[in-house]
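A short write-up of the structure that comes next.
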Amino acid sequence: GFSFVPPSEEEFLNFRQKREAILKALADLDLSSKEFEQRSEKFFRAIEQIITKIRKVSNKISKNKEIDKEASEALTAWFVNQSHMDRINRLFNMTTKYQEKTEEIYKPFNNFINLVNQFFSQTGKNISIGREGGILIKMQRGTTSSIQALSSGERQIFIILAHLSLNERLLGDGVFIIDEPELSLH
């Protein structure tokens with residue numbers, strides 16, 4: 001006999017999450033476009049409708065009742081799109097690996113940025129690294145500036161923290177001695 005297991009609620013939700021993860025990864029890589037977003041939205045919406053129909057008619061199918069036209073169309077659409085679903089799963093796995101690798105690569109930078117932002121928290125300034133690698137300073141009044149917006153003492157602190165956080169040649173623990181610090185470091 002014919003045996004069919006419809007997509008579960010978890011699979012349905014995972015499908016939506018996969019869509020979001022894929023779109024986010026493409027945006028992170030600057031590969032997204034309005035046309036692509038529109039086409040992918042149309043495709044994902046069509047697949048979601050198929051999944052909804054399958055779930056709706058699954059009781060008829062699982063009870064071995066006669067399959068009506070609606071159930072037949074839903075099953076046909078589901079099976080026809082399985083190769084697309086497999087591609088989505090492969091693409092999702094690739095984007096997941098990409099996200100994990102990106103997080104691993106950016107972890108030292110993110111830790112450094114968090115450290116600097118903790119240090120500058122009382123000044124109302126917030127440091128971030130732009131997509132091109134440039135340092136952006138968000139000022140208290142909401143404007144964004146370059147590192148030149150920092151005072152000379154803040155720039156020195158920034159450089160010292162960068163050296164301590166990002167220099168791989170430094171030992172894990174140790175003492176950092178500053179000989180004749182500038183007055184602006186107070």
Side-chain angles (χ1 to χ4, degrees), residues 4-62 69-118 120-121 124-147 149 162 165-166 168:
F4 174 74
V5 178
S8 67
E9 180 69 22
E10 182 179 347
E11 289 173 308
F12 185 66
L13 294 174
N14 284 342
F15 183 74
R16 288 181 180 183
Q17 291 171 347
K18 288 177 183 179
R19 174 185 177 269
E20 296 303 318
I22 291 167
L23 292 176
K24 182 185 181 317
L26 291 173
D28 288 349
L29 293 167
D30 286 334
L31 296 175
S32 64
S33 68
K34 282 290 181 194
E35 180 186 358
F36 177 79
E37 287 180 27
Q38 290 170 347
R39 285 181 169 210
S40 67
E41 175 65 29
K42 182 179 176 182
F43 170 76
F44 278 97
R45 198 174 326 119
I47 296 294
E48 286 178 357
Q49 288 172 350
I50 292 168
I51 292 172
T52 301
K53 281 183 184 178
I54 290 284
R55 292 173 67 209
K56 179 181 171 187
V57 299
S58 66
N59 287 337
K60 295 177 187 176
I61 297 168
S62 63
K69 184 178 178 182
E70 181 184 25
S72 177
E73 288 174 357
L75 283 173
T76 301
W78 179 252
F79 290 123
V80 165
N81 283 290
Q82 281 303 301
S83 62
H84 296 301
M85 298 294 290
D86 291 341
R87 284 187 200 129
I88 287 169
N89 286 331
R90 286 193 305 272
L91 186 56
F92 175 73
N93 290 337
M94 288 172 31
T95 59
T96 300
K97 288 177 186 174
Y98 164 77
Q99 291 297 111
E100 290 169 355
K101 193 67 173 171
T102 301
E103 287 173 17
E104 179 185 329
I105 290 168
Y106 279 97
K107 185 176 181 181
F109 294 107
N110 291 335
N111 290 341
F112 164 66
I113 294 299
N114 289 336
L115 178 65
V116 171
N117 284 333
Q118 285 175 357
F120 287 156
S121 65
K125 296 174 184 166
N126 193 308
I127 310 287
S128 64
I129 298 176
R131 292 195 52 77
E132 294 82 29
I135 299 163
L136 304 172
I137 314 295
K138 187 171 183 181
M139 307 303 277
Q140 194 169 24
R141 54 190 183 274
T143 59
T144 303
S145 299
S146 71
I147 196 164
S165 298
L166 302 174
E168 294 177 355

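All values below come from the heavy atoms of this structure, side chains included, with hydrogens, waters and symmetry mates left out.
- Counting only heavy atoms from C-beta outward, the side chains of Gln17 and Asn14 approach each other to under 4.5 Å.
- To the nearest 0.5 Å, atom CH2 of residue Trp78 and atom CD1 of residue Ile47 are 7.5 Å apart.
- With values rounded to the nearest 0.5 angstrom, Thr76 atom OG1 is found 11.0 Å from Asn81 atom CG.
- Atom CG of Leu23 and atom CZ of Phe44 lie 6.5 Å apart (nearest 0.5 Å).
- Tested against Leu136 for a side-chain contact (heavy atoms from CB on, under 4.5 Å), the candidates Ser128, Ser146, Ser145 yield a single pass: Ser128.
- Listed by chain and residue number, nothing satisfies the ring-ring contact (aromatic ring centres under 6.0 Å, His included) test with Phe92 (two or more places apart in sequence, or in another chain).
- Rounding to the nearest 0.5 Å places CD1 of Ile50 at 11.0 Å from CG of Leu75.
- A distance-only check finds no donor-acceptor pair linking the side chain of Ser165 to the backbone of Ala162 [under 3.5 Å].
- Between atom CD1 of residue Ile127 and atom CD1 of residue Ile137 there is a gap of 3.0 Å, rounded to the nearest 0.5 Å.
- Distance check: Ile51 CD1 to Glu48 CD gives 7.0 Å after rounding to the nearest 0.5 Å.
- For residues 87-101, the pairs satisfying side chain to side chain donor-acceptor pair (under 3.5 Å) are Lys18-Asn89, His84-Arg87, with sequence neighbours left out.
- A 6.0 Å sphere centred on CD of Gln140 holds no more than 12 heavy atoms belonging to other residues, nucleotides or ligands.
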| task | Please report the C-alpha distance between Ile88 and Phe43 in whole Å, then the side-chain angles of each, then the deciding distance to 0.1 Å, and finally whether the side-chain contact (heavy atoms from CB on, under 4.5 Å) criterion is met. | result | CA-CA 11 Å; Ile88 287 169; Phe43 170 76; 3.2 Å; yes
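- Applying the salt bridge (charged side-chain N to carboxylate O under 4.0 Å, His left out) test to Lys53 and every residue at least two apart in sequence or in another chain returns nothing.
- In this structure, the side chain of Ser121 engages the main chain of Gln118 through a donor-acceptor pair within 3.5 Å.
- A salt bridge links Glu35 with Arg39: the closest approach of a Lys/Arg side-chain nitrogen to an acidic carboxylate oxygen falls below 4.0 angstrom.
- Put simply, the side chain of Lys125 reaches to within 4.5 Å of the side chain of Met139, judged on heavy atoms.
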